[in-house]
Structures are given as C-alpha cells and as structure tokens.
Amino acid sequence: MQSLTNRSKVVSDKKMTFMEKIYLPAIIKGMMITITHFFSKKTTISYPEETRPFSPVYRGMHVLKRDDIGRERCTACGLCAVACPAEAITMIAAERKAGEENLYREEKYASSYEINMLRCIFCGDCEEACPKEAIFLTNRIVEAGYQREPFIFTKNELVEPLDPAKRIDVSKRQTKAVLEFKKNGNLPHNK
Amino acid sequence: MSLYKVTIDTIEIEVEPGTTILNAARRIGGKVVPPTMCFYSKLKGSGGKCRSCLVKVAQSSEKDPRPMPKLVASCSTPVQDGMVVENITSPEVVEARKAIVEFLLINHPLDCPVCDQAGECDLQNLTYEHGLSSQRYEEERITFERIDIGEKIQLHMNRCILCYRCVYVADQITGKRVHGVLYRGDHAEISTYVSNVIENDFSGNIIDVCPVGALTDKTFRFKSRVWFTKPMNAHRNCSKCAGEVVLWESGEDILRVTGRKDQYGELEHFICNECRFEKKKTSDWIIEGPRKIKHSSVISQNNYEYINPAENNDGNLGIT
C-alpha cells in the first residue's frame with residue numbers, strides 16, 4: 001500500500017553492532033542530557049512565595065473605583081452588563097438621597113453590583129464599555145475556592161477601600177489619550 | 001387631480017399634491033427617510049423646529065428647475081411636480097446634519113448613564129447615526145432643577161431639545177392646556193403651573209412623544225435599564241383608549257407600560273393614564289407575545305433571534 005506521507009520508516013530487524021549491544025554509549029548520552037538540565041535555569045517558581053511579574057494591563061479581579069474625594073464612580077448605567085459576553089454582571093440601581101453626595105458621584109448609583117467570577121472570562125469588555133471610569137480589571141488574582149457561593153463578588157469585594165493609601169492604582173491601564181483627556185477640568189466628566 | 005412626481009435620492013415616486021417631502025420619503029422607506037426629532041405625524045402642527053430633517057432640493061419643480069437656495073426642512077415643505085430632492089446623496093446635507101446634532105447637544109447634559117431614556121432615545125440614535133463623536137462647546141451648560149409634573153411624570157429640562165411635541169399633545173389630545181413653553185431662545189423651558197397639575201386621562205402620552213429623556217415616567221425612575229427589560233405586546237379592555245400597549249417586564253414584574261411605537265418612533269395609539277400607570281400586574285393584561293425590536297437596537301442585545309442578523313437589519317436604529 002502506498003503511504004500517505006513520506007515520513008514513515010521501514011522497520012528492520014538487522015543485527016545490532018557490538019557498540020549498540022553494550023548500550024553504554026546510549027546511556028551516557030542520555031545521562032548527559034539529564035545532567036545539563038540540573039544546571040540550567042529553572043522554568044518553575046515556588047508560588048505563592050514567589051510571583052511572576054504581571055503586565056500592567058493584566059486582566060484579573062475587577063475593582064470599582066472611587067473618585068479623588070472618595071465618591072463611588074459607578075452610576076449603574078448597565079453598559080458593562082450589556083457588554084459582558086458571559087452575562088456575569090448584574091446590578092440594581094438606586095437614587096441618591098440628600099446628604100449622600102459625598103458617597104456617590106451621580107444622582108443614581110448601584111445599590112447592588114455583583115459579578116459572578118465563575119462566569120467571568122476576564123475579557124475586559126466591561127472596562128471598555130464603562131463611560132464613568134468606574135470598573136477596571138486589575139492584576140489581582142481571584143483566589144480558588146471550594147464553594148461556589150463566594151465567587152459571586154458583591155460591592156464588598158469590588159469597591160476599592162476609602163483609605164487613600166489602600167486605593168488601587170489603575171493609571172497604568174489608561175491610555176495616553178485618556179490621561180490627557182482627564183487633565184481638562186472643564187469637562188463635566190472630570191468634575 | 002394628477003399625482004406629483006418626486007425624485008428623492010434618485011428614487012422616483014408619485015405622491016398626492018400637498019404631501020411633504022418627509023412623507024414622500026417615508027413612502028419610499030429605508031435609508032432615504034430623513035431623521036425627525038420634532039415632527040410627529042399624529043400631532044397637527046408639529047415639525048420645523050429641530051432642523052434634523054433638512055434636505056437639499058436640487059430642482060424645485062418641472063417648471064422652475066432652479067435649486068432652492070438653502071437646505072429645507074423636509075417635514076414642512078410640500079412637494080412640487082418634478083421636484084428633485086437629495087438627502088443622503090448630498091454631502092451638504094450630511095455635513096449640515098452633523099452640525100445640527102452638535103447644536104442640539106449644546107445644552108444637553110449627556111447624562112445618558114443616568115437617564116432612563118437611554119437605549120430608546122431618538123437623540124442618541126440621531127447622534128450615533130448622523131453626528132460626530134466630539135464636541136467643540138466648552139462653556140457651562142444651562143442647568144435646571146427637576147420638576148414634577150403631577151405625581152407620575154418628571155420633567156428634566158436639562159435634557160429637553162424644545163421639540164414642542166409634548167406641548168402639542170397637551171394642546172390637541174388633552175384639550176385643556178396646562179403645559180407650555182415659557183421664555184424664549186436658550187432660556188426657553190417646558191413648564192406647567194404646579195397648581196393645575198395635568199389631570200387629563202391622556203396626559204401620560206407626553207412621556208412617549210418626548211424624543212429625549214426630558215419627560216420620563218416617575219414610576220419607572222431608575223428601576224432598570226430599558227435593555228434589561230423584556231418588551232411584550234399586550235392588550236386589555238379599556239373604556240378610554242385602545243388598550244394596546246407594550247409591557248416592559250423584568251421577571252414577573254411589569255416595570256412600566258408604554259404605547260406601541262411604529263418604525264419612526266411614533267405611537268400607534270395614544271393610551272390612557274389608567275393603562276399606563278395603574279395596571280402593573282400581569283393579570284391585568286392579555287399578553288400577545290414578545291415585541292419585535294430592531295436588531296440594531298440595544299434592547300435586542302443578547303437576543304439571538306436571527307441566524308444572520310445582517311439580512312434582517314434595515315439599517316435603522318430604534319424600536320420597531
């Protein structure tokens with residue numbers, strides 16, 4: 001029968017030579033390969049003591065940003081949820097009451113904001129869709145777990161801490177054009 | 001009476017004398033139809049305010065083949081025999097429309113993430129289809145306080161583009177006028193006398209005719225985004241109106257009730273306030289089935305009805 005490829009080898013049962021019969025050269029050749037690997041650079045690291053450097057645009061766990069004076073930026077417009085290909089995001093909007101101006105930036109805010117991290121595929125479309133610079137993906141990792149329930153992240157996990165020292169820096173994720181745009185204080189977006 | 005022959009964007013059509021250019025274009029349909037923000041075929045006297053339907057008349061008529069000196073508002077210009085109109089084929093019109101959008105947006109707060117109209121807003125669609133993504137206006141925008149018109153309707157004067165549609169509804173549908181425009185120019189505002197709140201049975205229709213989010217349903221305020229709700233055709237026996245509505249449902253709840261809008265965003269029937277505001281239970285209605293929404297609308301996001309959406313897309317945004 002004609003072979004389909006030219007790579008097939010014809011098996012022969014010819015007698016081995018003396019050198020082949022003692023096997024020793026072949027063993028030494030194999031051991032040399034093994035020993036060179038002892039001294040080469042290791043490709044593994046001992047996580048979690050060591051971590052690999054992350055790209056500044058790594059897409060890990062989300063953060064809901066606050067603005068400079070600590071007001072939540074999210075206004076529950078729903079664009080992240082409609083952009084989400086995995087339909088992982090749900091939210092409930094509420095109206096800001098008088099006296100809550102220091103908590104929420106706009107007259108509407110998300111009273112509940114949930115991301116199902118088991119559904120999330122970390123595509124970053126929510127970040128892309130957000131008109132308020134509220135949601136960003138960060139280089140934090142969503143930790144593994146045994147239960148399903150804790151993977152539904154609520155505002156407790158997602159909103160960044162109020163303490164300025166513990167804020168999550170996302171400036172490296174923003175393009176030059178965005179950073180330039182933010183400098184213009186006349187725009188209502190930046191007020 | 002002989003019919004007039006009109007050519008709109010190289011398509012010929014014969015219409016009755018007295019038809020406006022816009023209505024002639026609507027007879028052709030498709031992309032030839034100029035966008036409208038203020039014209040409403042069911043409201044007498046509407047149109048001519050927003051200028052978004054401007055078209056170029058390249059030949060006035062058979063007898064007088066000179067072009068019209070300026071772009072004309074197609075909603076209020078009647079056709080003449082042998083008229084040649086250019087809409088999307090004229091670069092001048094395309095350019096003018098961009099300017100109109102920019103002009104309409106001068107004092108518009110662009111608070112779409114907060115606005116309840118977002119997703120079914122004519123101004124959003126107009127901007128998306130005909131506008132630019134940037135704006136040159138840097139001055140402070142005029143701001144107004146929110147006003148409650150009755151218990152169920154809220155007026156955000158910030159968002160208003162002064163199309164006067166709601167005023168015509170108040171004039172023509174409700175009979176008794178308690179709602180109008182105060183002041184002039186950029187100080188103009190839609191207003192009402194708070195003491196005589198509009199109590200007419202059909203006053204709720206000003207919500208549906210509003211092309212932007214200036215008049216919104218207070219019972220729906222911040223409840224949900226329109227694209228998270230499921231539109232369902234439904235009807236009931238109503239003594240006051242046709243009772244044919246669209247229910248916007250979320251799960252088992254009816255979040256709001258609106259009239260049915262045709263492909264140009266105009267109501268098929270005006271519905272009464274009882275249907276609109278009081279009947280918020282599924283048991284009040286006989287549900288006919290899901291309402292067809294254009295594939296290009298954000299409301300049909302994640303609805304995979306068509307295998308090949310491009311074949312079923314007529315290129316227009318908005319609700320059918």
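Below, read A as the first sequence line, B as the second, and so on, with proteins coming before strands; counting in each chain starts at 1.
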Student: Counting only heavy atoms from other residues, nucleotides and ligands, does the tally under 6.0 Å from CZ of B:Phe103 exceed 12?
Tutor: no
Student: If you count the non-hydrogen atoms of other residues, nucleotides and ligands that lie under 6.0 Å from CE in A:Met16, is the total more than 12?
Tutor: yes
Student: Quick check on A:Gln147: does its CD atom have over 12 non-hydrogen neighbours (other residues, nucleotides or ligands) under 6.0 Å away?
Tutor: no
Student: Count the heavy atoms of every other residue, nucleotide or ligand shown that sit under 6.0 Å from CG of A:Asp163, and state whether that count exceeds 12.
Tutor: yes
Student: Say you draw a straight line from CE of A:Met91 to CZ of B:Phe228; how long is it, rounded to the nearest 0.5 Å?
Tutor: 5.5 Å
Student: Report which part of A:Glu106 has an atom under 4.5 Å of a heavy atom belonging to chain B: side chain, backbone, both, or neither.
Tutor: side chain
Student: In terms of heavy-atom proximity below 4.5 Å to chain A, should B:Glu140 be classed as side chain, backbone, both, or neither?
Tutor: side chain
Student: So, A:Glu95 and B:Arg146, do they make that salt bridge, N to O below 4.0 Å?
Tutor: yes
Student: A side-chain contact here means heavy atoms from C-beta on lying under 4.5 Å apart; do B:Trp227 and A:Leu79 qualify?
Tutor: yes
Student: Say whether, by atom type as modelled, one donor and one acceptor occur between the side chain of A:Lys108 and the main chain of B:Pro113 under 3.5 angstrom.
Tutor: yes
Student: Name the member of A:Val82, A:Ile92, A:Thr75 that forms the most heavy-atom pairs with chain B at distances under 4.5 Å.
Tutor: A:Val82
